[in-house]
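Below: the structure, in structure tokens.
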Amino acid sequence: MTPLQCKMARTALGWGVIDLAREAHVSTQTIVRFERGDQLKVQTVGNLRSTMENAGIEFIPENGGGVGVRLKRPSSTE
């Protein structure tokens with residue numbers, strides 16, 4: 001997950017920095033530092049990513065069109 005993907009995912013979820021920090025159990029400064037391009041521990045980035053994936057985000061790798069995010073399709077049981 002790139003810093004840009006983090007911002008895009010928060011926007012797709014309608015979350016601010018405070019919301020993501022609360023859900024991921026990290027400080028708001030951790031989110032701010034990551035989104036401005038600072039290096040974080042791999043485990044911390046993984047935690048942020050899995051928090052947003054659990055909330056319904058799919059991260060799209062660079063595939064010729066650049067990285068991105070999208071909302072997951074609801075399962076047929078929902």
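The shortest non-hydrogen separation linking Glu35 to Cys6 is OE2-SG, 3.3 Å. Across all their heavy atoms, Pro3 and Gly37 have their closest contact at CG-CA, 4.2 Å. Shown here for Asp19 and Gly14, the closest heavy-atom pair between the two residues is OD2-O, 4.3 Å. Looking at every heavy atom in both residues, Asp38 comes nearest to Arg36 through OD2-NH2, 3.0 Å. Nearest approach of Arg33 to Gln39, heavy atoms of both residues: NH2-O, 4.3 Å.
Around NZ of Lys72, the count of heavy atoms belonging to other residues, nucleotides or ligands within 6.0 Å exceeds 12.
In this structure, CD on Gln43 lies 10.0 Å from OG on Ser50, to the nearest 0.5 angstrom.
Residues passing the side-chain hydrogen bond (donor to acceptor under 3.5 Å, both in side chains) test with Thr11: none are found, sequence neighbours excluded.
Each side chain to side chain donor-acceptor pair (under 3.5 Å) pair with one or both residues in residues 53-62, not counting sequence neighbours, appears once here: Arg49-Glu53, Glu58-Arg70.
Membership of the apolar cluster around Val45 extends to Met1, Leu4, Met8, Leu13, Trp15, Val17, Leu20, Val26, Ile31, Val32, Phe34, Leu40, Leu48, Met52, Ile57, Phe59, Val69, Leu71, as traced through chained side-chain contacts below 4.5 Å between ILVMFWY residues.
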